[in-house]
Amino acid sequence: MHRQPFKVTVIGSGNWGTTIAKVVAENTVQNPHLFNKDVNMWVFEEMIDGEKLTEIINTRHQNVKYLPGIDLPHNLIANPSLLDSVEGADILVFNVPHQFLPKIVLQLKGHVSNQVRAISCLKGFEVGAKGVQLLSSYIKDELDIQCGALSGANLAPEVAKEHWSETTVAYQLPSDFKGEGFDVDHKVLKMLFHRPYFHVNVIDDVAGISIAGALKNVVALACGFVEGLGWGNNAAAAIQRVGLGEIIKFGQMFFPESRVETYYQESAGVADLITTCSGGRNVKVAKYMSKNHVDAFQAEKELLNGQSAQGVITCKEVHEWLSTCELTEDFPLFEAVYQIVYNNMPMEQIPEMIDELEPFEVEEDDEPQ
Ligand SMILES: NC(=O)c1ccc[n+]([C@@H]2O[C@H](COP(=O)([O-])OP(=O)(O)OC[C@H]3O[C@@H](n4cnc5c(N)ncnc54)[C@H](O)[C@@H]3O)[C@@H](O)[C@H]2O)c1
Ligand SMILES: O=P(O)(O)OC[C@H](O)CO
C-alpha cells in the first residue's frame, strides 16, 4: 500500500461488475487527491460478432453484452489479463459470479501484495474444508489481504441508469492499518463508492451484509416459484417472511459475529430481499422454470444471456453445509428450494415443507356429532 492516491482495479465485468466499475471510475476522476484516475477492469475475454469484448469496451465505451446501452467513463480500461490488470493496484474490487472466484484467486496467489485491500461485491458462500465461509473471508485467507464487502438493494440495470438507490459497505480495519492517508478506511471507501444516485453507508458488519446478500437469492427463487404458480402477492410475502427468519437464524447460528440489526437497518438486509424478490434475476429464473417446466440451468441459459442467477448455486452450498451439520430440517425453506432445483420436488409442496405449525389434532370430544 502506497500513500494516496490509490490505484483501483475491478475484477469482473458482468452486469454488476461493469456497473460498479462505472461508479468507481466516476469517483476516481472526481477525487484525484485520493485515487489514480484510471481504473482497470479485468474482463473474461470473449468474442462478440468477431470483435473482442475488451476492444469494444475500450473503443465504444459500452459493455454491449453485459450492460448494453450504458455509456462507460473513458478512464475505465478493460483488460483481458488478470495479472496485468492488478499490477500496482492498492484496492481490488472483486465482482464476478461467485462460482468463478476460486479459479481467479488461484491465479492471483503470489501476485498480490499483502498490503493490498479488497472489497467483495459477490453474493454467495464458499463451502469446503473450512466449512461455510464468507467470500470476503475466503479472499482474505487465500490472498492474505484485508477484505470487506459491498451489498445492498442494487439491481444493476437501475444503478447503471443512475436511478437513486442505497447500498452498504462493510470493512474492518486490519491490524497493520497504516493510518489515514496511507491506507484504506471507511472514509476512503465512501469516497470510492458513493455517488449522488448511489448512497453508501459504511459499517463494520461484514458477516451480516454478506449473509443477507447470499441468502436472499435463495429466498428469491422460492418467491419466483410461487409467483410462477400464479399464487400472487400473499404467497410471495409469506415466502419473504419465512425467508428472512431463516436468513437471521443462519447468521446467528454460523456467524455469531453478525448483528441482527444489520438485517433491518441496512440496505443489504430486508431492502435487498424485497428488491431481489421483486425484480432480480433469481426470481425471473424461478418464474420461468415454473411456467415453462424447465430446470434452473436451462432457464438461466434461455433468459440471462451469460449472466448468472446466484441462488441456484447458493442453495446447493447451503444444503451441503446444513447436511454436514444435520440441520436441514431447521431451514425448511432453504431445503425446499434445494429439493426443487436439484431433485425435482414439486413446487406446489412449498407450503407443506415450510409449515411451522404443529399438525392440528382433533380431540375425540371435539368431533362434530
Ligand atoms: N447484477 C446485479 O444486479 C447484481 C447486483 C448486486 C450484486 N450482484 C452480485 O455480483 C456478482 C457478479 O455478478 P454480475 O452481475 O457482475 O455477473 P453476471 O451474472 O452478469 O455474469 C457474467 C460475468 O461472468 C463472467 N464469466 C463467464 N464465464 C466466466 C469464467 N469462466 N470465468 C470468469 N468469469 C466468467 C462473464 O465474463 C461476465 O463478466 C454476483 O455474485 C452477483 O450476485 C449482482
Ligand atoms: O438479479 P439478482 O437476483 O442477482 O439480484 C441482484 C442484486 O443482488 C439485488 O441487490
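All heavy atoms count here, side chains included; hydrogens, waters and symmetry mates do not. Both ligands and their constituent atoms are indexed starting at 1 by order of listing.
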Please say which of T9, N40, N79 ends up in a side chain to side chain donor-acceptor pair (under 3.5 Å) with D84.
-> N79

Excluding sequence neighbours, so at least two apart, what forms salt bridge (charged side-chain N to carboxylate O under 4.0 Å, His left out) with E180?
-> K187

Relative to the heavy atoms of N282, which atoms of ligand 2 are at a distance of less than 4.0 Å?
-> 2 (P), 3 (O), 4 (O)

With sequence neighbours excluded, residues passing side chain to side chain contact (heavy atoms under 4.5 Å, CB included) with L101 | F94, V105, L122, L135, Y138, I139

What is the ring orientation for H199 with W164, classed by angle as parallel under 30°, tilted 30 to 60°, or perpendicular over 60°?
-> perpendicular

Is the shortest side-chain N to carboxylate O distance from E266 to R259 below 4.0 Å?
-> no

Polar proximity ligand 2 side, S308 side, N/O cut 3.5 Å exclusive = no

What about G280: any of its N or O atoms under 3.5 Å from an N or O on ligand 2?
-> no

Checking side chain to side chain contact (heavy atoms under 4.5 Å, CB included) against V242, which of I354, I350, D355 comes through?
-> I354

Could you verify whether a donor N or O on one side chain and an acceptor N or O on the other, from N292 and Q298, lie under 3.5 Å apart?
-> no

Member of F334, F255, F254 meeting the ring pair (Phe, Tyr, Trp, His ring centres under 6.0 Å) criterion with W321 = F254

Are there any protein N or O atoms under 3.5 Å from the N or O atoms of ligand 1? List them with distances, or say none.
| unit_1 | atom_1 | unit_2 | atom_2 | d |
| --- | --- | --- | --- | --- |
| ligand 1 | 1 (N) | N15 | OD1 | 3.2 |
| ligand 1 | 1 (N) | R281 | NH1 | 3.3 |
| ligand 1 | 1 (N) | R281 | NH2 | 3.1 |
| ligand 1 | 3 (O) | A156 | N | 2.8 |
| ligand 1 | 10 (O) | N95 | OD1 | 3.2 |
| ligand 1 | 10 (O) | C121 | O | 3.4 |
| ligand 1 | 15 (O) | W16 | N | 3.0 |
| ligand 1 | 15 (O) | R281 | NH1 | 3.0 |
| ligand 1 | 15 (O) | R281 | NH2 | 3.4 |
| ligand 1 | 16 (O) | N15 | N | 3.4 |
| ligand 1 | 16 (O) | W16 | N | 3.0 |
| ligand 1 | 16 (O) | G17 | N | 2.9 |
| ligand 1 | 19 (O) | R281 | NH1 | 3.0 |
| ligand 1 | 19 (O) | S308 | N | 2.8 |
| ligand 1 | 20 (O) | N15 | N | 2.9 |
| ligand 1 | 31 (N) | K103 | NZ | 3.3 |
| ligand 1 | 32 (N) | K103 | NZ | 3.2 |
| ligand 1 | 39 (O) | G14 | N | 3.0 |
| ligand 1 | 41 (O) | K123 | N | 3.0 |
| ligand 1 | 41 (O) | Q310 | OE1 | 2.8 |

Pull out every atom of ligand 2 sitting under 4.0 Å from any heavy atom of N154, numbered as shown with elements.
-> 7 (C), 9 (C), 10 (O)

Check ligand 2 against D272 and write out every atom of the ligand that is under 4.0 Å from a heavy-atom position of the residue.
-> 9 (C), 10 (O)

What is the minimum heavy-atom distance between W231 and E348, and which atoms define it?
-> CH2-O, 3.7 Å

Proximal ligand 2 atoms for L155, defined as those under 4.0 Å from one of its heavy atoms | 6 (C), 9 (C)

Is there a heavy atom in Q310 that sits closer than 4.0 Å to ligand 2?
-> no

Taking the inter-plane angle between the rings of Y338 and H319 on a 0 to 90° scale, is it parallel (under 30°), tilted (30 to 60°) or perpendicular (over 60°)?
-> parallel

Best match, K216, K284, Q307: closest heavy atom to atom 5 (O) of ligand 2 = K216

May I ask you to identify the nearest protein heavy atom to atom 1 (O) of ligand 2, giving residue, atom name and distance to one decimal place in Å?
-> R281 N, 2.7 Å

Y263: partners by ring-ring contact (aromatic ring centres under 6.0 Å, His included), with sequence neighbours left out = none

Below 4.0 Å from any atom of ligand 2, is there a heavy atom belonging to S151?
-> no

